[in-house]
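Numbers here simply count residues along the sequence, with the first being 1.
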Amino acid sequence: FPALCGIDLDINERERIALLGANGSGKSSLLNILNGLAFPQKGEIKFRGQRLSEESLRDEGFNGLFRKTVGFVFQNSDAQLFSSTVWDEIAFGPIQLGLSRAEVEGRVIDLLKMLHIENLSERPPYQLSGGEKKKVAIASTLAINPDVLLLDEPTNGLDPRTQSWLVELLEELHRVGKTLVTATHD
């Protein structure tokens, strides 16, 4: 059955959007489409006026712009984390963007401090708690300094203190001009 029907949505720069709905209502499917991980069978999606499709993402220039502009935090952090250490995880995106070693190190250090996870830098992600994994996943996404953040159930599995911390972080990111699209049932 179709996951999404009749969606007509504009997301403008610096907006904050919540996709609210029950489990299975299509929130994650919509985020996957917005991130270019899936594509609609009907209709189209545009990014800054250009059609977002498998074909457009084959263009290195468009793909590079899109991938450094849009960051995605998966619902399940284990699906996002793959490097051998937290440091390598956070450094991966900036390295792929071709940033200098000094800039990569600066971003990693800044994010470790900002998210209060300096003590985790040499640990493998698979040894972290759920909340620690979520912080590392967020740090790895923020490392590319995207203008747009797509967040799929970002508070899922977090204790109340970490949920509060995350909400404050998202408020701060919005204040500095980030566009936020958050899928949640909460």
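Atom CZ of Arg48 is surrounded by more than 12 heavy atoms from other residues, nucleotides or ligands within 6.0 Å. Within 6.0 Å of CD in Gln41 there are 12 or fewer heavy atoms belonging to other residues, nucleotides or ligands. No more than 12 heavy-atom neighbours from other residues, nucleotides or ligands sit within 6.0 angstrom of CD on Glu13.
For the side-chain hydrogen bond (donor to acceptor under 3.5 Å, both in side chains) test, residues two or more places apart in sequence or in another chain that qualify with Ser129 are Glu132. For the ring pair (Phe, Tyr, Trp, His ring centres under 6.0 Å) test, residues two or more places apart in sequence or in another chain that qualify with Phe92 are Phe82.
Listed for the Asn35 side chain is no donor-acceptor partner under 3.5 Å among the backbone atoms of Leu37. Side-chain N or O atoms of Glu15 include one that pairs as donor or acceptor with a backbone N or O of Asn12 at under 3.5 Å. In this structure a side-chain-to-backbone donor-acceptor pair under 3.5 Å is missing from Asn63 to Asp59. Judged by distance alone, with hydrogens and angles left aside, the side-chain atoms of Ser164 form no donor-acceptor pair with the main-chain N or O of Arg161 at under 3.5 Å.
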Inset, instruction - Please assess Leu166 against Ile138 for the test side chain to side chain contact (heavy atoms under 4.5 Å, CB included), listing each intermediate value before the final yes or no. - result: CA-CA 10 Å; Leu166 179 58; Ile138 291 167; 3.4 Å; yes
Inset, instruction - Decide yes or no on side chain to side chain contact (heavy atoms under 4.5 Å, CB included) for Ile33 and Leu4, but give the supporting numbers first. - result: CA-CA 10 Å; Ile33 289 170; Leu4 302 164; 4.0 Å; yes
Inset, instruction - Decide side chain to side chain contact (heavy atoms under 4.5 Å, CB included) for Arg67 and Leu57; before the verdict, give the C-alpha distance in whole Å, the side-chain angles of both, and the deciding distance to 0.1 Å. - result: CA-CA 9 Å; Arg67 294 295 174 209; Leu57 288 173; 3.6 Å; yes
Legend entry - Steps toward side chain to side chain contact (heavy atoms under 4.5 Å, CB included) verdict (Thr162, Lys135): CA-CA 9 Å; Thr162 307; Lys135 286 182 176 184; 4.3 Å; yes
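Once rounded to the nearest 0.5 Å, the distance linking CD of Glu105 with OG of Ser100 reads 9.0 Å. Residue Leu112 holds its CG atom at 8.0 Å from CG of Leu120, rounded to the nearest 0.5 Å. Of the inter-residue distances, the one linking Leu81 atom CG with Lys134 atom NZ reads 9.5 Å to the nearest 0.5 angstrom. One distance of note links CG of Leu19 with OG1 of Thr184; it measures 9.5 Å at 0.5 Å rounding. For the atom pair OG of Ser121 and CG of Leu111, the computed distance is 12.5 Å after rounding to the nearest 0.5 Å. Distance check, rounded to the nearest 0.5 Å: CG of Asp10 to NZ of Lys46 gives 10.5 Å.
With hydrophobic clusters built from ILVMFWY side chains whose heavy atoms lie under 4.5 angstrom apart, Leu169 does not share a cluster with Leu150. When the side chains of ILVMFWY residues are joined at heavy-atom separations under 4.5 Å, either directly or via intervening members, Ile11 and Leu151 end up in two distinct hydrophobic clusters. By the rule that hydrophobic residues join a cluster once side-chain heavy atoms approach within less than 4.5 Å of another member, Leu9 and Leu20 end up as members of separate clusters. Neither Phe62 nor Leu97 shares a network with the other; the hydrophobic side chains, linked directly or stepwise wherever heavy atoms of I, L, V, M, F, W or Y lie under 4.5 Å apart, form separate groups for each. Put simply, Val148 and Ile144 are part of two different groups of oily side chains (I, L, V, M, F, W, Y) that touch within less than 4.5 Å, one to the next.
Here the shortest heavy-atom pairing between Gly21 and His185 reads O-CB, 3.1 Å. Residues Arg51 and Ser56 share a closest heavy-atom pair of O-OG, 2.9 Å. The minimum heavy-atom distance between Leu170 and Leu180, with the atom names listed, is O-CD1, 3.3 Å. Closest non-hydrogen pair, Gln80 versus Thr141, comes out as NE2-OG1, 2.9 Å. Listed here is the closest heavy atom pair of Val181 and Leu31: CG1-CD2, 3.8 Å. Nearest approach of Ala143 to Ile90, heavy atoms of both residues: CB-O, 3.2 Å.
The residues Arg16 and Glu171 are annotated as salt-bridged, a charged nitrogen and a carboxylate oxygen being separated by less than 4.0 angstrom.
Counting heavy atoms from C-beta outward, Ser77 and Val136 have side chains that stay 4.5 Å or more apart.
Sorted by first and then second residue, the ring-ring contact (aromatic ring centres under 6.0 Å, His included) pairs with a member in residues 102-130 form an empty list; sequence neighbours excluded. Note on residues 27-52: pairs passing ring-ring contact (aromatic ring centres under 6.0 Å, His included), not counting sequence neighbours, are Phe47-Phe66.
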List, one per line, each side-chain donor-acceptor pair under 3.5 Å for residues 68-76, sequence neighbours excluded.
| unit_1 | atom_1 | unit_2 | atom_2 | d |
| --- | --- | --- | --- | --- |
| Thr69 | OG1 | Leu65 | O | 2.6 |
| Asn76 | OD1 | Asp78 | N | 2.9 |

N/O donor-acceptor pairs under 3.5 Å from side chains in residues 172-179, not counting sequence neighbours:
| unit_1 | atom_1 | unit_2 | atom_2 | d |
| --- | --- | --- | --- | --- |
| Glu172 | OE1 | Arg175 | NE | 3.2 |
| Glu172 | OE1 | Arg175 | NH2 | 3.1 |
| His174 | NE2 | Arg14 | O | 2.9 |
| Lys178 | NZ | Asn145 | OD1 | 2.6 |
| Lys178 | NZ | Pro146 | O | 2.8 |
| Thr179 | OG1 | Arg14 | N | 2.7 |

